[in-house]
Amino acid sequence: NRRMPIVQTVLLIGLFVLGAFVTGSRTAVIGTLAILSISILLIAFSNRASALIKIALLVAVGIAAFICLKTAYPEYFIVYDLRAEGTLEVSHTAEIRERVLDGLLGWTKGSEEAPPSIFGYGLGVMSNGSWLLSDYAADWRSKNISFWTETDQATTLFEGGWYLVFVWYGFRLWIIIHSLTLVFKIRLLEFRLMACFAWGYIFLSGVMGTLAIQPGIAIWWWLAVGLVLCLQLFDR
């Protein structure tokens, strides 16, 4: 049946939209939109007019699915709507902007108990359960600085210092650039589209993702890198 792939695509897009909003997480929704935006820009940069037409149709289906689902099942969107209202002190947009800027730049000053250093205060000190194995880690834990090391950048600076920051983020930057070069080497349109969407995730998670402290995100990131590599090899 020739209509079956179309039906499957529409259903998958609807489930994708619903899955993002039903979590109630602003990161899931805004992060997904950011990845899609990066991917579409990369496709546009590739000068593939036929690809842009396909993407425009998919985006239109996604918008239509969102409107229909929110009208038919508003209860699935309540949690996200409540979290997106903001507060009396700060709007939702301002809160998101502050969180992004704090995640990118707010970690560089360290904390009063642990100012920035060249080699840090010990790898694994802030890992879960480390205080049971090390008195040194338990001592740091007792200082209640865990609130500061909740981000990937802050944890890297605390545990490994500026040395590890440059090594770890330099490596991530190299992976981002290398995978981008692989995307541009892909000639087959279907493979190029898949690789562009995978690279959108590689870029955003490589820049802002908590790859060092959340194994789940790291696993998906490396799967995306592997997907781009496989697509380029299959295309070749």
Side-chain angles (χ1 to χ4, degrees), residues 23-32 34-35 38 83 86-87 89-90 92-181 198-229:
T23 62
S25 170
R26 290 174 293 185
T27 301
V29 176
I30 298 174
T32 298
I35 292 171
I38 294 170
R83 298 195 67 182
T87 63
E89 293 79 14
V90 62
H92 176 250
T93 303
E95 183 182 357
I96 293 297
R97 182 173 62 251
E98 289 176 3
R99 290 183 62 181
V100 172
L101 291 176
D102 184 66
L104 290 174
L105 304 173
W107 54 276
T108 56
K109 297 180 181 179
S111 67
E112 184 178 351
E113 297 85 356
S117 63
I118 297 178
F119 296 108
Y121 298 93
L123 297 179
V125 170
M126 301 309 295
S127 298
N128 291 331
S130 60
W131 62 90
L132 299 176
L133 304 174
S134 168
D135 293 336
Y136 176 75
D139 181 61
W140 275 111
R141 284 282 184 170
S142 66
K143 296 178 181 179
N144 194 30
I145 64 167
S146 58
F147 72 92
W148 176 64
T149 56
E150 289 180 351
T151 65
D152 187 282
Q153 298 93 332
T155 301
T156 303
L157 179 61
F158 171 77
E159 293 190 354
W162 285 113
Y163 165 78
L164 187 60
V165 168
F166 286 112
V167 171
W168 174 225
Y169 282 92
F171 173 72
R172 286 162 69 158
L173 179 61
W174 180 83
I175 291 291
I176 292 172
I177 296 174
H178 179 65
S179 59
L180 180 62
T181 61
W199 189 83
Y201 180 79
I202 293 171
F203 175 80
L204 190 66
S205 295
V207 173
M208 301 185 62
T210 52
L211 302 178
I213 58 178
Q214 291 188 332
I217 295 179
I219 289 171
W220 282 108
W221 193 68
W222 284 113
L223 283 174
V225 173
L227 176 60
V228 171
L229 177 60

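Just so you know, these numbers use all the heavy atoms, side chains as well, and skip hydrogens, waters and symmetry mates. Quantities reported herein were computed from a predicted structural model and do not represent experimental measurements.
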Problem - OG1 on Thr156 to CG on Leu211, rounded to 0.5 Å - result: 9.5 Å
Completion exercise
Residues at least two apart in sequence or cross-chain that pass side chain to side chain donor-acceptor pair (under 3.5 Å) with Ser205, listed by chain then number, are none
Practice task
For residues 114-131, pull every pair meeting salt bridge (charged side-chain N to carboxylate O under 4.0 Å, His left out), keeping only residues two or more places apart or in separate chains.
Solution key: none
Handout entry: salt bridge (charged side-chain N to carboxylate O under 4.0 Å, His left out) pairs, two or more places apart, involving residues 163-181
Key = Asp152-Arg172
Exercise for the section: Flag yes if more than 12 heavy atoms outside Tyr163 fall under 6.0 Å of its OH atom; otherwise flag no. Expected result: no
Contacts under 3.5 angstrom, residues 116-125 side chains, donor-acceptor by atom type, not counting sequence neighbours:
residue : atom : partner : partner atom : Å
Ser117  : OG   : Gly120  : N            : 2.9
Tyr121  : OH   : Pro115  : O            : 2.7

Completion exercise
By side-chain contact (heavy atoms from CB on, under 4.5 Å), Ala34 pairs with (sequence neighbours left out) Leu204
Exercise for the section: Go through the structure and list residues passing ring-ring contact (aromatic ring centres under 6.0 Å, His included) with Trp220, not counting sequence neighbours. Expected result: none
Exercise for the section: Assign the ring pair Trp162 / Phe166 to parallel, tilted or perpendicular, where the plane angle (0 to 90°) is split at 30° and 60°. Expected result: tilted
Exercise for the section: First locate atom CG of Leu223, then atom OH of Tyr201, and finally report the distance between them rounded to the nearest 0.5 Å. Expected result: 9.0 Å
Practice task
Identify, with sequence neighbours excluded, every residue that meets side-chain contact (heavy atoms from CB on, under 4.5 Å) alongside Leu229.
Solution key: Leu182, Leu233
Practice task
Name all residues meeting the side-chain contact (heavy atoms from CB on, under 4.5 Å) criterion together with Ala138; count only those two or more places apart in sequence or in a different chain, and write none if there are none.
Solution key: Trp131
Handout entry: Donor-acceptor contact below 3.5 Å, side chain Ser179 vs main chain Ile175
Key = yes
Practice task
Hey, could you give me the OG/CH2 distance between Ser130 and Trp140, rounded to the nearest 0.5 Å?
Solution key: 12.5 Å
Exercise for the section: Can you sort out the partners of Ile176 under side-chain contact (heavy atoms from CB on, under 4.5 Å), two or more places apart, ordered by chain and number? Expected result: Trp199, Ile202, Phe203, Val207
